[in-house]
Structures are given as C-alpha cells and as structure tokens.
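Down below is the structure, laid out as structure tokens.
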2 protein chains.
Amino acid sequence: MTKPATAPRRSDATKAAILVAARERFAADGYERATIRAIARDASIDPSMVMRYYGNKEGLFVAASAIDLRIPELGALPGKHVGSVLVTHFLDRWENDDVLTAMLRVGVTNEAGAERMRAVFAEQIGAVTVGVCPVPAEAAHRAALVASQILGMALARYVLRFGPAVEMSRDEVIAWLAPTVQRYLTAETP
Amino acid sequence: MTKPATAPRRSDATKAAILVAARERFAADGYERATIRAIARDASIDPSMVMRYYGNKEGLFVAASAIDLRIPELGALPGKHVGSVLVTHFLDRWENDDVLTAMLRVGVTNEAGAERMRAVFAEQIGAVTVGVCPVPAEAAHRAALVASQILGMALARYVLRFGPAVEMSRDEVIAWLAPTVQRYLTAETP
DNA sequence: AGCGTTGGTCAACGCTTGTTGGCAACGGTA
DNA sequence: TACCGTTGCCAACAAGCGTTGACCAACGCT
C-alpha cells in the first residue's frame with residue numbers, strides 16, 4: 001500500500017521537466033513575472049501542456065512548491081548547539097533548493113503563496129520548538145521569532161542580495177545567528 | 001536658496017493623491033499587481049495623468065518610495081539601550097508608513113525596488129552602526145545583521161502575517177528583538 | 001475679449017497574459 | 001489491421017496591461 005502502483009506513464013518526464021522549470025522561474029521572478037509561456041519554453045514544450053497536467057497557474061505553483069524543510073532530529077543532539085545546527089541546516093537548504101527562494105518570493109505578493117509559507121513554517125519549525133523550549137505554551141511564539149531571523153537573513157542574502165550580507169562567509173553567518181536562534185528557543189521569557 | 005521657490009500649482013493636489021494611492025497599492029499588492037489603472041481609480045483620475053506626471057510606472061514607483069527612515073540620534077542616548085530604541089523605532093515606522101511595506105513587497109520581485117532597498121538600508125542603518133559598533137571596519141556587516149533581523153520580523157508580522165508573529169504585542173517583540181540587535185551592534189566579533 | 005498655458009478625459013494602440021479546443025502523431029491491445 | 005487513449009503542437013480567444021495622442025474645459029494674463 002505504500003506505492004500508488006500506477007504504471008509509469010510516458011508523460012512523467014514532461015511533468016517533471018515542467019516542475020523543474022517552474023521552480024526556477026518562480027524562484028527567480030516571483031509569481032506574476034514567472035509566465036506559463038516562459039516556463040513552457042524552458043521545459044521545451046507547449047504552454048498548453050502545463051494546463052493539461054496542472055490545471056492552471058496556481059495548481060502549477062502548488063505542485064512546484066511542495067516542500068519538506070527536512071529539519072534534522074534534534075532530540076539526540078546536545079541541547080546547547082541547537083541554534084547552530086538549525087542555522088547551518090537552513091543555509092544549506094537555501095543554497096541547494098530553489099523551492100525555498102521561490103516560496104519566499106511568491107509568498108510576498110501572492111496570498112496562496114503566503115498561506116503555504118505560513119503552514120510550512122508553523123508546522124515544521126513549530127514541531128521543533130515544542131520539544132526544546134522551556135515553556136511549551138510559548139512554542140508558537142518562539143517558532144515565529146526563529147522564523148523571523150532565518151527568513152530575514154535569507155531575504156537579505158539570497159533575495160535582496162544585500163552586499164554585506166552576501167559577502168559574509170557561511171561560518172560568519174552561523175557564528176552570528178546561532179546564538180540568536182539559540183536564545184529564541186531556550187532562553188527564559190524576557 | 002533652501003526653497004525651490006516654484007509657485008504651487010493646481011495639479012499638486014492631484015499629484016499627491018496619485019502618490020498616496022500608489023503607496024497603498026504597492027504596499028498591498030507589490031509591483032506587478034499594482035496596476036496604473038487601479039491606482040488611478042483609487043485617486044479618482046485618469047490613468048494617463050499618471051503617465052504625464054511620473055513618466056512611466058517605474059518613475060511612479062521611484063517617486064512613491066522616496067523615504068527617510070528617520071533613525072533617531074543615538075549619540076546622546078545611553079549606549080546600552082541602542083537596540084531597544086532601534087527596534088521600537090522601526091516598529092513605529094512600519095505601522096505608520098505604507099512606504100516601508102511597499103518597498104519590502106516590491107523589492108522582492110523588482111530589481112529597481114531591490115536596489116532602492118539596498119541603498120536605503122545601507123546608508124541609513126550603516127550611518128548608525130559606524131558610530132556604535134566597536135570595530136568600525138565591520139560596520140557594514142553589523143548593519144546587514146541588524147537589517148536581517150528587522151526585515152525578517154517585518155516580513156513575518158506585516159507581510160506574511162504569520163499568526164504568532166502578529167499576535168505578539170509590541171512590547172513582547174521589543175523585549176525579544178532588542179537584545180539581538182544590541183548584540184549585533186556592540187558585541188565583540190564572535 | 002482673446003490668448004496661451006495648464007489640468008483633465010476619452011478612445012485607442014500594440015502587446016502579453018492565462019486559458020481553450022481542435023487536430024495530428026504515437027503506442028499498446030485485440 | 002483497426003481501434004482508442006495518450007501525448008503533443010498549433011492557433012486562437014478574451015481580458016488586461018502600459019502607454020500614447022487627440023481633444024475639451026478652465027484658468028491667468030494682457
């Protein structure tokens with residue numbers, strides 16, 4: 001029952017090519033400027049194929065932005081290094097996956113994108129905070145604080161390409177942000 | 001010589017109305033979805049007036065996003081509260097001025113908007129950091145860190161409307177972010 | 001009163017967008 | 001071979017966009 005057991009179709013390759021192109025365009029241009037025609041051109045197919053396989057533009061975005069933050073298991077790790085591990089993880093994810101940049105760019109101008117972003121971060125970061133922060137009732141607040149710092153750095157570094165934020169090395173970024181995240185997660189309420 | 005000494009024209013009111021409407025639309029919808037037609041409708045005038053007074057859409061955005069962060073003088077204040085003062089100031093500014101949200105929304109999908117944002121934050125936050133941080137050569141890095149945290153919170157709270165980030169009170173946000181900003185500004189290099 | 005300048009409307013342009021339906025080639029099945 | 005679902009391309013649609021130029025109305029001057 002784990003596999004849908006549907007036979008592989010010839011069109012699977014096309015569908016996948018569309019998704020790859022869509023992710024790149026959404027990440028580079030945001031929702032409005034990423035046109036179906038441009039995506040189809042990148043995937044070397046006709047625009048009408050996009051409609052056939054994904055219904056409409058929003059359906060394409062939903063399919064293209066399916067995402068798993070793959071936050072590592074923190075239970076077994078030393079509690080004092082949670083911040084460092086998290087920041088490192090997110091830098092890796094952002095530099096190796098267009099979907100994150102796409103979600104950020106789209107979420108700012110498109111309500112569906114914003115909703116998706118809220119859901120992903122609330123669930124996946126929230127899941128971590130409940131196990132780590134001292135006041136479980138505050139887990140959502142703590143998650144929001146962590147998200148604000150991580151998204152802010154992603155914004156400055158990968159979207160706005162703010163000079164000094166780009167020039168900083170990975171290790172510098174980690175050294176500065178880790179204590180912040182650590183504090184948001186584990187410090188007493190100020 | 002301080003005043004341009006140009007007589008006030010009858011069209012000044014119209015120009016101002018266009019700017020107000022433009023700021024609202026850019027802030028609410030971002031660059032692409034904020035159409036000149038919609039802005040003109042809000043201002044109760046014809047779309048062609050926008051072209052006459054501001055040349056084209058980009059010119060309108062440039063005029064509408066002229067901004068001064070009005071960062072308070074920090075020299076005379078107690079050095080230990082710089083973080084708190086800065087965070088409070090930015091929360092005020094963001095809640096009372098559409099231009100900041102507009103810049104954030106537009107900067108994410110429009111290169112000209114991104115450039116404007118880089119310039120504003122580099123100059124105006126950078127000007128503060130040089131006077132406060134212990135290693136003047138690092139002022140730009142420190143400014144980027146401060147910007148990342150402040151922009152991240154603005155993104156979560158005012159643009160994405162991330163539930164927990166919205167629910168936090170002003171004082172809670174200040175209490176959590178102030179130490180972060182303070183550390184980015186004044187702490188020794190980690 | 002007559003003039004040029006200014007403020008504003010209207011209708012249209014060329015273009016791009018998302019989206020649709022028709023039609024031709026392919027491939028497995030009977 | 002004849003059939004039928006699948007895969008794909010093509011051409012077109014209606015709508016919306018930024019932008020333009022012609023035209024009218026009101027004002028300030030002499």
Side-chain angles (χ1 to χ4, degrees), chain A residues 4-65 102 105-106 109-113, chain B residues 4-65 102 105-106 109-113:
Chain A
T6 55
R9 300 182 178 273
R10 272 185 305 132
S11 57
D12 288 349
T14 305
K15 287 186 184 178
I18 293 174
L19 282 191
V20 170
R23 279 192 266 263
E24 284 177 7
R25 284 284 176 175
F26 281 133
D29 297 337
Y31 189 80
E32 335 282 336
R33 289 188 26 215
T35 67
I36 289 189
R37 286 171 148 93
I39 292 168
R41 204 179 315 128
D42 289 357
S44 303
I45 47 97
D46 190 86
S48 62
M49 302 303 294
V50 178
M51 310 302 297
R52 179 173 296 180
Y53 292 130
Y54 298 100
N56 55 25
K57 189 176 180 179
E58 188 167 322
L60 173 62
F61 172 71
V62 170
S65 65
R105 275 221 163 89
V106 173
T109 34
N110 181 274
E111 177 52 27
Chain B
T6 56
R9 298 180 179 273
R10 275 186 300 133
S11 57
D12 287 350
T14 305
K15 287 186 183 178
I18 293 174
L19 282 191
V20 170
R23 279 191 265 263
E24 285 176 8
R25 284 283 175 174
F26 281 133
D29 297 337
Y31 191 79
E32 335 282 336
R33 287 188 28 213
T35 67
I36 287 190
R37 287 170 148 93
I39 291 168
R41 205 178 314 130
D42 289 356
S44 304
I45 47 97
D46 190 88
S48 63
M49 302 302 294
V50 178
M51 310 301 298
R52 188 190 299 230
Y53 291 132
Y54 298 100
N56 54 27
K57 188 175 181 179
E58 189 167 319
L60 173 62
F61 172 71
V62 170
S65 64
R105 274 223 163 86
V106 173
T109 33
N110 182 274
E111 178 52 27

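Labels below follow one simple rule: chain letters A, B, ... track the order of the sequence lines, proteins then strands, and each chain is numbered from 1. What's counted below: heavy atoms across the whole structure, side chains too, no hydrogens, waters or symmetry copies.
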*Round to the nearest Å and state the distance from A:Ile39 atom CD1 to C:dT17 atom P.*
11 Å
*Select from B:Arg10 and A:Arg10 the residue whose nearest nucleotide in DNA chain C is closer to the 5' end of that strand.*
B:Arg10
*Between atom CE in B:Met51 and atom P in C:dG14, what is the gap in whole Å?*
17 Å
*NZ of A:Lys15 versus C1' of D:dT7: gap in Å, rounded?*
11 Å
*asked:* Distance check needed: C:dG18 P versus A:Ile36 CD1, whole Å only.
replied: 5 Å
*To the nearest angstrom, how far is A:Arg25 atom CZ from C:dG18 atom C1'?*
16 Å
*Return the 5'-most residue of the pair A:Arg33, A:Asp46 with respect to DNA chain C, ranking by each residue's nearest nucleotide.*
A:Arg33
*Separation of A:Asp29 atom CG from C:dT17 atom P, in whole Å?*
11 Å
_Looking at D:dT7, I'd like to know if its phosphate oxygens (OP1 or OP2) sit under 4.0 Å from a side-chain N or O belonging to A:Thr14._
no
*Let me know the distance between CG of A:Asp12 and C1' of D:dT6, rounded to the nearest Å.*
12 Å
*Test item: B:Asp42 and B:Arg25 side chains (from C-beta on) under 4.5 Å apart, heavy atoms*: yes
*Hey, can you tell me if A:Phe26 and A:Tyr31 have their rings parallel, tilted or perpendicular (30° and 60° cut-offs)?*
parallel
_Can you see if the side chain of B:Ser11 gets near the phosphate of C:dG7 - specifically, an N or O under 4.0 Å from OP1 or OP2?_
yes
*From D:dT19, C:dG7, D:dG8, nucleotide with atom closest to B:Tyr53 side chain*: C:dG7
*Taking N and O atoms by type only, does the side chain of B:Arg37 place a donor or acceptor under 3.5 Å from a partner on the base of D:dG16?*
no
*Main-chain N/O of A:Ala102 paired to A:Arg23 side chain as donor or acceptor, under 3.5 Å*: no
*Hey, does B:Ser48 reach any base, or is it just sugar-phosphate, or nothing, if we go heavy atoms under 4.0 Å?*
base
*Say you draw a straight line from CZ of A:Arg52 to CD1 of A:Ile18; how long is it, rounded to the nearest 0.5 Å?*
10.5 Å
*Whole angstrom value for the distance that separates P of D:dG8 from OH of A:Tyr54*: 12 Å
_Under 3.5 Å on both distances, the Watson-Crick or G-U partner of D:dT30_ = C:dA1
*asked:* So, under a plain 3.5 Å distance rule, would you say the side chain of B:Arg9 forms a donor-acceptor pair with the base of C:dG7?
replied: no
*Taking the side chain from A:Lys57 and the backbone from A:Ala34, do they hold a donor-acceptor pair closer than 3.5 Å?*
yes
